[in-house]
Amino acid sequence: MKILILGSGGREYSIARAIVNENEQHKLFFQPGNGATDALGTNINIKDYNDLADFAKENNIELTIVGPEAPLVDGVVDIFKAKGLNIFGPSKAAAQLEGSKVYMKNFLAKYNIPTARYIETESIEDAFKFADTLNAPIVVKADGLCGGKGVIIAQNHDEAKVAISEMLSGKSFGDAGLKVIVEEFLDGYELSMFAVCDGDDYILLQAAQDHKRLLDGDKGPNTGGMGAYAPTPLVDEELYQKVKDRVIRPTLDGMKKEGAPFEGVLFIGIMVVNGEPITLEFNVRFGDPECEILMPLMLSSVSDMFYKAATNRLSEIKVNFSSQYAVGVVMASENYPYKSSTPAEIIVDEVHHDEIRDNTHISYAGVSKEDGVLYADGGRVLVCVGLGDTIKQARDRAYLRCGQVHFMGKKIRTDIAYQAL
Ligand code: AMP
Ligand code: GLY
């Protein structure tokens with residue numbers, strides 16, 4: 001198959017890597033890709049979605065896979081579909097589940113899907129009044145996309161009121177904060193679950209745990225994610241079943257009723273409170289770095305799974321997962337997540353040890369290439385992934401691989417998967 005992948009991160013690299021490793025030969029294109037994806041296919045540079053769809057038509061691209069949320073919220077899927085192209089991802093209308101937290105919360109409430117008690121409002125008085133009814137900490141969320149920064153966990157009522165005022169005045173997040181959600185704080189453990197959906201049916205992948213904070217021990221600022229592992233032993237069959245019955249099925253049925261059937265990856269952020277899964281949020285794409293650890297655990301063809309999802313035929317296939325565990329450790333640049341860093345050459349030692357060569361790999365994200373040399377370009381640079389028969393073995397292997405990758409200012413967490421060990 002000829003396949004086009006939209007995005008430039010480790011997530012997109014890991015999808016491509018899984019496809020390249022399939023038995024069948026495929027030809028891959030990336031828009032825009034990164035300095036390492038060109039080793040897996042061809043990077044192109046066509047920003048306009050109409051022009052990109054024309055490129056896909058002219059080049060007989062049979063499947064387009066969208067990695068990040070921004071093109072989805074902008075409606076890239078609608079543009080491709082209008083031209084008769086197969087594309088895996090939600091329509092602009094369905095992408096509102098991530099594009100607007102107000103839409104998402106109101107959807108959850110309408111279809112009785114358990115979520116934190118909340119108010120959505122543009123009024124500072126109403127927001128303050130509701131905050132006063134809650135015990136601290138208090139959660140304040142901007143409605144729109146804020147690059148993962150739009151959620152404030154306020155430690156007391158004063159902090160919550162400052163966050164509310166700064167959002168509603170447009171000071172902290174511009175237009176994205178002109179509506180806010182104020183909600184109760186849920187105390188439990190957090191999980192990420194991913195359902196690959198075709199509008200009617202779905203395939204639930206293994207549950208993962210992400211590490212959002214920058215520093216060991218879950219300290220420091222929030223990031224896009226500093227590492228992840230899967231499957232997590234914190235989920236048993238009963239919990240999977242609850243998520244299917246109480247979250248995924250009503251969401252697919254509800255989105256159909258709303259006239260926006262959900263096709264694509266439904267990423268469910270869950271807080272497990274006293275054994276019950278409460279939905280914190282939806283995203284409409286794979287998590288990053290969760291994707292980097294889920295892809296290598298797929299024994300079945302992922303290109304076929306995405307193709308079947310994009311053509312509403314998921315019910316025809318069964319998917320097999322590896323019985324192993326995967327741990328991914330993010331290597332970020334010096335100034336992440338505060339500001340950009342100067343490009344630094346990446347040196348990857350040759351791996352001589354069979355165990356490490358066969359059970360680890362690197363998913364490249366924020367990298368560029370010049371004269372055949374890879375540079376760390378800032379942000380999250382790459383993910384070292386280890387596979388093993390136990391979480392500990394997978395973790396140890398991932399960290400051994402980390403020791404063989406060097407660039408100025410490289411930054412990692414040393415405790416990925418600690419919750420499961
Ligand atoms: P979100 O973008 O909604 O996932 O929020 C980012 C992070 O904030 C989540 O991954 C949680 O760690 C935390 N969070 C969001 N909402 C709540 C809540 N109601 N209670 C506790 N933590 C929350
Ligand atoms: N790792 C969390 C996210 O991609 O939003």
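For ligands, and for the atoms within them, numbers begin at 1 and follow the listed sequence.
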| message | The test is salt bridge (Lys or Arg N to Asp or Glu O under 4.0 Å); show your working for Arg313 and Asp304 and say whether it passes. | response | CA-CA 10 Å; Arg313 289 161 54 200; Asp304 188 51; over 6 Å; no
query = Got a donor-acceptor contact below 3.5 angstrom from the Tyr189 side chain to the Leu234 backbone?
reply = yes
Atoms of ligand 1 under 4.0 Å from any heavy atom of Lys101, numbered from 1 in the order shown, are 2 (O), 3 (O)
Can you give me a line-by-line list of nitrogen or oxygen pairs between ligand 2 and the protein shorter than 3.5 Å?
from, atom 1, to, atom 2, distance (Å)
ligand 2, 1 (N), Asp210, OD2, 2.9
ligand 2, 1 (N), Gly224, O, 2.9
ligand 2, 1 (N), Asp288, O, 2.9
ligand 2, 1 (N), Glu290, OE1, 2.8
ligand 2, 4 (O), Arg285, NH1, 2.9
ligand 2, 4 (O), Asp288, N, 2.9
ligand 2, 5 (O), Arg285, NH1, 3.2
ligand 2, 5 (O), Arg285, NH2, 3.2

Counting from 1 in the order shown, the ligand 1 atoms closer than 4.0 Å to a non-hydrogen atom of Glu183 are 16 (N), 17 (C), 18 (C), 19 (N)
If we number the atoms of ligand 1 from 1 as shown, the ones under 4.0 Å from a heavy atom of Phe185 are 20 (N), 21 (C), 22 (N)
If I apply the N/O under 3.5 Å rule, does Leu186 come out as touching ligand 1? yes
Could you list the donor-acceptor pairs under 3.5 angstrom formed between side-chain atoms of residues 220-228 and any protein atom two or more places apart in sequence or on another chain?
from, atom 1, to, atom 2, distance (Å)
Thr223, OG1, Lys212, O, 2.7
Thr223, OG1, Gly225, N, 2.9

Tightest non-hydrogen contact, residues Ser100 and Asp143, listed as OG-OD1, 2.7 Å
Quick note on ligand 1: atoms under 4.0 Å from a heavy atom of Met271 include exactly 21 (C), 22 (N)
For Glu190, the atoms of ligand 1 under 4.0 Å from one of its heavy atoms are 9 (C), 10 (O), 11 (C), 12 (O)
Quiz item: So, Arg413 and Asp218, do they make that salt bridge, N to O below 4.0 Å?
Solution: yes
shortest atom 13 (C) of ligand 1-to-protein heavy-atom contact is with Ile153 CD1, 3.8 Å
Atom 5 (O) of ligand 1 has as its nearest protein heavy atom Val151 CG2, 3.3 Å
_Regarding Lys110 and Glu258, does a basic nitrogen lie under 4.0 Å from an acidic carboxylate oxygen?_
yes
Closest to atom 17 (C) of ligand 1 among protein heavy atoms sits Leu280 CD2, 3.5 Å
Query - Side chain to side chain, Arg249 and Tyr202, heavy atoms closer than 4.5 Å - result: yes
Within the 4.0 Å heavy-atom cut-off, what Lys141 brings close to ligand 1 is side chain
*Do any non-hydrogen protein atoms sit less than 4.0 Å from atom 7 (C) of ligand 1?*
no
Practice prompt. Could you tell me whether Lys212 and ligand 1 have an N or O pair separated by under 3.5 Å?
Written response: yes
* Glu281/Lys141 under salt bridge (Lys or Arg N to Asp or Glu O under 4.0 Å): CA gap, chis, key distance, verdict -> CA-CA 11 Å; Glu281 61 156 350; Lys141 303 183 175 184; over 6 Å; no
